[in-house]
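The figures here come from the full heavy-atom set of this structure, side chains too, leaving out hydrogens, waters and symmetry mates. Bear in mind the structure is a predicted one, so any value in this text is a computation, not a measurement.
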Amino acid sequence: MKKIFTRAFVPMLLLTAGSYAHTASAGIIDLSGKDSDGYSNTFIYNESQTGSLDSISFDLNIEHFNFGGSWGSDTRISLTHESGFDIEFEGGTDFGWGDGPGLYNFVGDFAIAGGPANASGVWTVSLRDIFDDQGVDSTFGAGSTVTLNITDVPEPGIIGILGLGLFAMRRRFT
């Protein structure tokens, strides 16, 4: 009977336990209609999903203007979590946005090393440029999003229930 238990039930329980361990989800921050100008455009995003931040994806439709010598490559997106985790990406270095005025679209993602273990909570989002001149430097168009890719942390209760089931099955077949 031990062989049946080991060959059939243990692998099934391990596969079941693995399916509860990591469920990908995403927190989507909508930037549509928002502008970057100096340090003035900051807003709060509340993330309800519990889990670790693994990567950030972006899909940006952006219009750059040229006022007083400031360019689209000066545009910055900054995300700060209430835990103190902070990340900033910029047009020229991270996205390759052109320096001239015009319409641009950028889609991609990047991995996060050392992000918050629990991404839920308050995020401060800042849209700015490094040279605060006389006008708006960039406007984010319809459908512009930054996505927090979060891996769920299994609740201790789920692990406990699986452990009790394994113990009960083992006792039954031994």
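Closest approach of G143 to S32, counting heavy atoms only: N-OG, 2.9 Å. Listed here is the closest heavy atom pair of T42 and S126: OG1-OG, 3.2 Å. Taking both residues in full, the closest heavy atoms of L79 and V146 are given as CD1-CG1, 4.1 Å, listed atom of the first, atom of the second, then distance. Listed here is the closest heavy atom pair of D152 and T50: OD1-O, 3.4 Å. Across all non-hydrogen atoms, the minimal contact from S83 to P116 is OG-CB, 3.9 Å.
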So I77 and L127, side-chain contact (heavy atoms from CB on, under 4.5 Å) or not? Walk me through it. CA-CA 5 Å; I77 300 172; L127 307 174; 4.0 Å; yes
side-chain contact (heavy atoms from CB on, under 4.5 Å) for I29 and T145? Distances and angles first, verdict last. CA-CA 5 Å; I29 302 170; T145 58; over 6 Å; no
I44/W123 under side-chain contact (heavy atoms from CB on, under 4.5 Å): CA gap, chis, key distance, verdict: CA-CA 6 Å; I44 299 296; W123 288 83; over 6 Å; no
With side-chain contact (heavy atoms from CB on, under 4.5 Å) as the test, would you mind laying out the steps for F58 and F89 before giving the verdict? CA-CA 11 Å; F58 55 89; F89 22 105; 5.5 Å; no
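Residues forming a side chain to side chain donor-acceptor pair (under 3.5 Å) with N61 (at least two apart in sequence, or on another chain): N105. Not counting sequence neighbours, Y45 has no partner by the ring-ring contact (aromatic ring centres under 6.0 Å, His included) test. Not a single side chain to side chain donor-acceptor pair (under 3.5 Å) links D59 to another residue, sequence neighbours left out.
Among F106, Y104, F140, the one residue that satisfies the ring pair (Phe, Tyr, Trp, His ring centres under 6.0 Å) test with H64 is Y104.
No side-chain N or O of S55 forms a donor-acceptor pair with one of D109 less than 3.5 Å apart.
To the nearest 0.5 angstrom, D86 atom CG is 3.5 Å from T80 atom OG1. Taken to the nearest 0.5 Å, the CG atom of N149 stands 4.0 Å off from the OG atom of S57.
T75 places no side-chain N or O within 3.5 Å of a backbone atom of S138 that could act as its donor or acceptor partner. The closest donor-acceptor contact from the side chain of E47 to the backbone of A119 lies at 3.5 Å or more, if one exists at all. A donor-acceptor contact shorter than 3.5 Å links the side chain of N41 to the backbone of D35.
Cluster membership for V122 and L148, using ILVMFWY side-chain heavy atoms within less than 4.5 angstrom, is not shared. Two different hydrophobic clusters hold L60 and I28 under the rule that ILVMFWY side chains link at heavy-atom gaps under 4.5 Å.
A salt bridge links E88 and R128; the closest N-O separation between the charged side-chain nitrogens and carboxylate oxygens is under 4.0 Å.
F85 has its side chain within reach of I112: a pair of non-hydrogen atoms, C-beta onward, lies under 4.5 Å apart.
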